[in-house]
Amino acid sequence: MLERLRERFARARASDAMELEQAKVRLTIVVVMGLYFLVAFLWDRVLLDSELLALAFLAGVFVVDTVHLGWIVLAPGVHHGRRCLGVLLDLGAITVAMVMTGEVGAVFAGLFVWIPIGNGFRFGRRYLHYAQACALAGLGVLLALSDFWRQHATVGAAVVVALVAIPWYVSLLIARLHAANRRLQEARAEAEAANIAKTKFLAAASHDLRQPMQALSMYASVLEAREADADARRRVVHGIQLSVTTLERMFDSLLDISKIESGVVKPNIVAFPLMPLIERVMESEAPLAAQKKLGLRVVATSASVRSDPALLERMLKNLVTNAIRYTERGKIVIGCRRLARDRLRLDVIDSGIGIALEEQERIFDEYYQLSGSSAQGLGLGLPIVKSLGALLGHPVSVKSAPGRGSVFSIELARAAEVAPASLAQPAPAAALSRLKVVLVDDDVEIRESMGLLLESWGCRCLAAGTAAEIEAQLRAERITPDALIVDYRLADTMSGIQVIERLRAAFGRQLPALIITGTANPAQLESRAGGIPFAIKPVAPGKLRAFLSQALRQA
């Protein structure tokens, strides 16, 4: 029996803990009032009939409140009518008791204010004002029927003012509290959603980053076993290049989203012809399309636009990569359409799997990937497009249907026709053979691999792990370097920036330098680098070639 009672109380507490607690407080107050009146009435050792009637009334109230508690326990759940009945029981009992007891009961006048406030904090502002209205009605009855309160009308007026003003002020506080609580709940929901997204991202990243690393390991083993087989070596090298390209894309996406979120990216808006930019994207994405045997076609345009060329190229490249990733057969087309009011729309059209309407908004969320898709990636390509579009003022839109392909569009501002700029071409390997390059990195494998790459281009590479070691080499061989490549974080007490400053002081302030780093905070590095260019590891060979070509021109 006792165990069943505990279970019922537990269910009532789980369904509406506030109402259960209110019922317990109600019974406690009735008991306290009964004891107080008993002591007050017996103080003169005489119990009058009116006093006995008041005690009997409180006993009846206790029974009714006990039945009300039983109702809550036997029928748990949120019951608005039962809550309202509880307010009437409270204020009705207080009103009748104070009418019957006169001056002795005046000490409980504060309950007319306390009960509405309690209901407001427990159940909300509606209950507060409902209880306030009931309290005002009860107080009116008290002032009309009680001789004591008619004789002390000023005190009664003070209670009325308090009953109007205090619950009103408390109502404002509750409204603010609820608004703050809603904001807190929304922030908590967003934080939980972000945590879930990050967890999914880490799982996806762990898998997707391991895939090309596993492939690299296998290719290296094959290359070691078949170094005499020229055809196998070419296929292995091609596979290694594809794996490295995949890794570079993933790391570039992580770096891009980090830069955008930290506010590092500052657009440089200029007018330029659109076709050379499209051709560069075509050239970079053609191997990936060819690997899947997809057509990659562009509709020629003579239009010029106003934008940041580098950031717009990144947006278009991400859209084309995404189109290739989710297209198994057919083709991808890049084209432009002129719009009204000097606007232009750049479209990427694919014949891929398409996107359901309910997913078309979510595809721009970070780390989100289409349901049922097995495409490799981190889910950052489209979020980067959306973020860069917002930064540049280029609206991004999508039209798609499952099984019918997709059209991703970037809306641009047209500009007056601009002649294509002549782009500086990277220096050929024969020209780079004149360069003497200093490499300072405390990682032996990076020194070995980068040294081999530089030597394959004909450069003379002097590599060391610290500034002291490289200075000793340069003095011993009496060499003046043409370019510096230095890691930012070194095992030595000096940073890469300090090493560059030291070597520039010894060999010339104009000595070209490049910082390489694996830092996750490019904004902080940019603020410290003092104008020295930097590249995030893994550094693409093309970026090294571009830097060395610039160094060659300076030399």
Side-chain angles (χ1 to χ4, degrees), residues 216 220 223-224 227 230 233-234 236-237 240-241 244-245 247-248 423-518 525 529-555:
L216 282 174
L223 191 62
E224 182 180 19
E227 62 177 290
R233 188 161 58 246
R234 278 194 300 272
V236 169
V237 169
I240 289 175
Q241 288 174 336
V244 169
T245 300
L247 280 172
E248 285 178 353
L423 300 176
Q425 297 296 322
L432 294 180
S433 63
R434 306 202 313 262
L435 284 181
K436 299 179 284 295
V437 182
V438 162
L439 172 61
V440 182
D441 197 308
D442 54 6
D443 188 292
V444 176
E445 291 185 1
I446 289 181
R447 291 204 303 269
E448 288 290 333
S449 59
M450 193 174 292
L452 286 172
L453 179 64
L454 294 173
E455 289 172 1
S456 71
W457 292 340
C459 301
R460 181 172 181 184
C461 180
L462 292 91
T466 65
E469 290 175 6
I470 199 65
E471 285 182 329
Q473 283 191 49
L474 292 170
R475 282 196 302 269
E477 301 187 34
R478 296 182 179 180
I479 291 176
T480 299
D482 297 313
L484 309 175
I485 301 174
V486 184
D487 186 28
Y488 178 65
R489 295 187 183 276
L490 298 169
D492 197 4
T493 56
M494 300 180 69
S495 70
I497 296 172
Q498 291 172 317
V499 171
I500 291 172
E501 291 174 348
R502 183 166 166 175
L503 293 175
R504 280 179 168 178
F507 298 102
R509 285 288 173 187
Q510 301 303 315
L511 189 60
L514 176 70
I515 299 171
I516 57 174
T517 180
L525 177 57
I532 302 172
F534 63 91
I536 307 297
K537 296 178 182 177
V539 184
K543 292 181 180 178
L544 284 179
R545 282 287 295 270
F547 164 68
L548 293 177
S549 297
Q550 181 65 29
L552 178 64
R553 284 192 290 273
Q554 288 186 234

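Atom OG of residue Ser449 and atom CG of residue Asp441 lie 9.0 Å apart, to the nearest 0.5 angstrom. Taken from CG in Leu490 to OG1 in Thr466, the straight-line distance is 8.5 Å, to the nearest 0.5 Å. If you take CG on Leu484 and CD1 on Ile500, they are separated by 6.5 Å, rounding to the nearest 0.5 Å. Here the straight-line distance linking atom CD1 of Ile516 with atom CD1 of Ile485 works out to 7.0 Å at 0.5 Å rounding. Atom CD of residue Gln498 and atom CZ of residue Arg502 lie 10.0 Å apart, to the nearest 0.5 angstrom. Here the CZ-CG distance, from Arg489 to Asp442, works out to 11.0 Å after rounding to the nearest 0.5 Å.
Heavy atoms of other residues, nucleotides or ligands lying less than 6.0 angstrom from CD of Gln473 number more than 12.
Qualifying salt bridge (charged side-chain N to carboxylate O under 4.0 Å, His left out) partners for Arg447, counting only residues two or more places apart in sequence or in other chains: none. When the side chain to side chain donor-acceptor pair (under 3.5 Å) test is applied to Gln510, no partner is found at least two apart in sequence or on another chain.
Between Val499 and Ala467, the closest heavy-atom pair is CG2-CB, 3.9 Å. Considering all non-hydrogen atoms of both residues, Ala483 and Leu511 come closest at N-CD1, 4.1 Å. When all heavy atoms are compared, the tightest approach of Ala513 to Ile532 is O-CG2, 3.9 Å.
Among Leu474, Leu462, Ile470, the single residue meeting the side-chain contact (heavy atoms from CB on, under 4.5 Å) criterion with Pro481 is Leu474.
Side-chain contact between Asp487 and Ile446: absent, with no pair of heavy atoms (C-beta onward) separated by less than 4.5 Å. The shortest distance between side-chain heavy atoms of Leu454 and Leu435 does not fall below 4.5 Å.
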Given the rule in the side-chain contact (heavy atoms from CB on, under 4.5 Å) test, do Ile479 and Arg460 qualify, once you have shown the distances and angles that lead to the verdict?
CA-CA 10 Å; Ile479 291 176; Arg460 181 172 181 184; 3.3 Å; yes
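For the pair Glu477 and Lys436, the salt-bridge criterion is not met [side-chain N within less than 4.0 Å of a carboxylate O].
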